[in-house]
Amino acid sequence: MTTTVTHAEQKDSPYALTHLDALESEAVHIFREVAGEFERPVVLFSGGKDSIVMLHLALKAFAPAAVPFSLLHVDTGHNFPEVLDLRDRTVAEHGLRLHVAKVQDYIDDGRLRERPDGLRNPLQTVPLTEAISAHRFDAVFGGGRRDEEKARAKERVFSLRDEFSQWDPRRQRPELWQLYNGRHAPGEHVRVFPLSNWTELDVWQYIAREGIELPEIYFAHEREVFSRDGMWLTAGEWGGPKDGEPVETRTVRYRTVGDMSCTGAVDSEATTLESVITEIAASRLTERGATRADDKMSEAAMEDRKREGYF
Amino acid sequence: MTSTTSPLTAEELSATTLLRFATAGSVDDGKSTLVGRLLHDSKSVLSDQLEAVERASLGRGQETPDLALLTDGLRAEREQGITIDVAYRYFATARRRFILADTPGHVQYTRNMVTGASTAELAVVLVDARNGVVEQTRRHAAVAALLRVPHVVLAVNKMDLVDYAEPVFAAIAEEFTSYAASLGVPEITAIPISALAGDNVVEPSANMDWYGGPTVLEHLETVPVSHDLTGCPARFPVQYVIRPQTAEHPDYRGYAGQIASGLLRVGDPVTVLPSGRTTTISGIDALGRSVHTAWAPQSVTVLLADDLDVSRGDLIAPTGSAPAVTQDVRATVCHLHERPLRIGERVLLKHATRTVKAIVKALPYRIDLSHGLAHDNDPAALEVNDIGAVQLRTAEPLPIDAYADSRLTGAFLLIDPADGTTLTAGMAGEAFAEPPSAAGGAAGDEGWDF
Ligand SMILES: Nc1nc2c(ncn2[C@@H]2O[C@H](COP(=O)(O)OP(=O)(O)O)[C@@H](O)[C@H]2O)c(=O)[nH]1
Ligand SMILES: [Mg+2]
């Protein structure tokens, strides 16, 4: 008995898919499974790149029929205007229905209090959870990717949440083949992550291949920024800069888009999709490491927020 | 010189294929070190991740960064220093994108290796060169064989601790290969490595010039990810019916799904199961493009010539090579949950896009994977991590293939109807393929087709 060593001659058959086709097919399969098995699915949609890619995949999955889901945006109140603009144009163009849950409403009527550090991303959990139970959504699509963060690396494509939206990493259902188990008790729901197996680079390559429109802030532009915790934050009425944080004009772009209070811009000259892709392929920092204050809080910051019901 | 040392161009990046693979090995065989090295040497560990690992390692008094912390993402895992759950890792070279299912090595986590292997096209089984083939190695080879992972790599690790001696490697490779072949594994590639020193992981080893084969990464980059699909019958589980009912598309009625195996062509005569009605394919929409041919694993929408009653849960297959429809399912299963599986238990069976009620009729035997597949007949129950045979009766007929013939339409889950818990992973038909050397050579020399 000898071992097989024939690698040099091995060729893929003409039926091998490119990695983008394989990932697209997997995501479409996930959307259709949810449409087939749930009563009231919703897509979390912020106008950021991952949610725009999710919506693009959903549109392809059900064409020429309409997407059989509504959309939900948890609005932190500190949004980039370019992002809200694209959000609203996209919703109108495809005749979709958008629900908006506003963190500001919760702060105004005292149900939530502003944090001392001014970060608003962590405040999204309560409005999100309440919107899910108020609308009785049973499946909630999120744009989370396993390459983003080490706790996410362990999360299932179908992730069961209890009535409080909590995630228990030790009690996850094993996920085998493409058999997703979406059974849940009344009041519980399932978070679904169709982009689980995508990387940041895949998302950008797919955007380029499909010609998907993104908010301009993803491309290099001049902006008034100030430095906090090693990140460039946008100067603005949300709370920056404080004393001793000088404002300067730099050429930057965003790699992720969240609340203005904790999403940093990176120095960049990349004004086209092509140059963004080249920049990401050469980057020595992960997308969240470069740009998110909310993940730097502790080693298990993301795991803890997810347990409490975060995206 | 390797493809992994410089950033890739946009063009290089978009023309790659995707390989899903899983790692296995006992505790301390060097799995985490190998994975860490593959990620590190392919420049997939970015500096903020490495800094986080360094901070965490220092925090617990380790001087060198513990690359295992890259994959052990949960608080409990880092606290206990073990891997509990399957973690998925992503990296890329100029030739391929990789999805790695990093599965824990402890015996009690057999279910996690089964989970990782269920979607893997390749499994890397690690062995410590000083210990050779041990009980866990046989268990992992058996899981790879059971799940029909098409390619198996034996990585004989820690060659630096046995003076890079060829006879040590050859003896282990020989023992493993004959064991795996007896389970029906069609293709085994054995590679001598040192995960710690980097020999034969990404770069060829200067210490083992007697070895002429590929490094681990070269092999991962070049192993074929798909077979000639024309040989396997098409299987198309219907996920959803697309009916726009708009002025533009008043009569459009398409069946959406992901092709589970084989090829579909416009004009093919097909049978819809379980009803058995026949028609032909009149059109295929491949996510916005109308095509003549589509193949696994593409997601498409199929249009049929006749107006049949087709809905989610049905299976479309070529007339003439459609699977038999049955209410009696014999299968090999891996039990995944702490709650044991017993005769008489009422469960839900999820197969492709259909979920039906089922009852456990018999538990003929349990298999001891570590001792030459010894059968323990008529067990009282299957406990968590047990692998055994199950006989089920379903409330409705199912078009189920033998897992050996079609991985996706031969697989199923058993689910607890009370709380939705996933209990058991099932594979219809016989547990292990015929060894390739057996008379008639059932599995043939070309490997398994999926
Ligand atoms: N000498 C030597 N030690 C190794 C090698 N690979 C791993 N080790 C060591 O073996 C121990 C266990 O390795 P680890 O990767 O944690 O094993 P795992 O339990 O399989 O993940 C660690 O102390 C490693 O440094 C190798 O190729 N040579
Ligand atoms: Mg380990």
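In what follows, chains are A, B, ... by sequence order, proteins preceding strands, each numbered from 1.
- Residues satisfying the ring pair (Phe, Tyr, Trp, His ring centres under 6.0 Å) criterion with B/Phe91, sequence neighbours excluded, are B/Phe98.
- Of the possible polar contacts, one joining the A/Arg156 side chain to the A/Lys154 backbone as a donor-acceptor pair under 3.5 Å is found.
- The contact between A/Glu33 and chain B is made by backbone and side chain atoms together, counting heavy-atom distances below 4.5 Å.
- For B/Ala352, the part lying under 4.5 angstrom from a heavy atom of chain A is the backbone only.
- Looking only at side-chain heavy atoms (C-beta outward), B/Leu147 and B/Val114 come within less than 4.5 Å of each other.
- Chain A forms the most heavy-atom pairs under 4.5 Å with one residue out of B/Tyr252, B/Tyr88, B/Tyr90, and that residue is B/Tyr90.
- With respect to chain A, the highest number of heavy-atom pairs below 4.5 Å among B/Leu287, B/Thr119, B/Ile191, B/Ile99 belongs to B/Leu287.
- There is no contact between B/Thr246 and chain A, counting heavy-atom distances below 4.5 Å.
- Using a 4.5 Å cut-off on side-chain heavy atoms (C-beta onward), B/Thr301 and B/Tyr255 make no contact.
- By number of non-hydrogen pairs under 4.5 angstrom with chain B, the leading residue of A/Leu273, A/Asn181, A/Val28 is A/Asn181.
- The parts of A/Asn197 that come within reach of chain B are both its backbone and its side chain, each placing non-hydrogen atoms under 4.5 angstrom from that chain.
- Remark: A/Arg40 pairs with no residue by the salt bridge (charged side-chain N to carboxylate O under 4.0 Å, His left out) rule, at least two apart or across chains.
- Using a 4.5 Å cut-off between heavy atoms, A/Tyr180 contacts chain B through its backbone alone, with no side-chain atom that close.
- Scanning all heavy atoms of the two residues, the minimum distance from B/Ile242 to A/Ala65 falls at CG2-CB, 3.8 Å.
- The closest donor-acceptor contact from the side chain of B/His351 to the backbone of B/Thr409 lies under 3.5 Å.
- Here B/Gln298 is the residue among B/Arg243, B/Gln298, B/Gln245 with the most heavy-atom pairs under 4.5 Å with chain A.
- Here the two rings, on B/Tyr240 and A/Phe62, have centers that are under 6.0 Å apart.
- When the options B/Thr222, B/Val223, B/Leu100 are evaluated for a side chain to side chain contact (heavy atoms under 4.5 Å, CB included) with B/Leu19, the one that passes is B/Val223.
- Contact of A/Ser275 with chain B is not made at all, since no heavy-atom distance falls under 4.5 Å.
- Using a 4.5 Å cut-off on side-chain heavy atoms (C-beta onward), B/Leu349 and B/Leu414 make contact.
- Using a 4.5 Å cut-off between heavy atoms, B/Leu413 touches chain A through backbone and side chain atoms alike.
- Neither the backbone nor the side chain of A/Ala185 comes within contact range of chain B; no heavy atoms are under 4.5 Å apart.
- Interface remark: A/Ala61 contributes backbone atoms only to the contact with chain B (heavy atom separation under 4.5 Å).
- Here B/Lys350 is the residue among B/Glu248, B/Lys350, B/His337 with the most heavy-atom pairs under 4.5 Å with chain A.
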Next item on the list: Just do the side chain to side chain donor-acceptor pair (under 3.5 Å) check on B/Arg96 and B/Thr17 with the steps written out, would you?
Entry: CA-CA 5 Å; B/Arg96 268 212 178 136; B/Thr17 50; 2.9 Å; yes
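- For chain A, the option among B/Asp419, B/Thr293, B/Ile259, B/Ile415 with the highest count of heavy-atom pairs below 4.5 Å is B/Ile415.
- Looking only at heavy-atom pairs under 4.5 Å with chain B, the residue among A/His184, A/Glu24, A/Arg183, A/Glu188 that has the most is A/Arg183.
- The pair A/Arg145-A/Glu155 does not meet the salt-bridge criterion, since no charged nitrogen lies less than 4.0 angstrom from a carboxylate oxygen.
- Contacts with chain B were tallied for A/Lys60, A/Glu26, A/Arg173, A/Arg209; A/Arg173 has the most, counting heavy-atom pairs under 4.5 Å.
- Of the two parts of B/Val300, only the backbone, made up of N, CA, C and O, holds a non-hydrogen atom closer than 4.5 Å to a non-hydrogen atom of chain A.
- Per-residue counts of heavy-atom pairs under 4.5 Å with chain B were compared for A/Ala35, A/Ala63, A/Ala66; the largest is that of A/Ala35.
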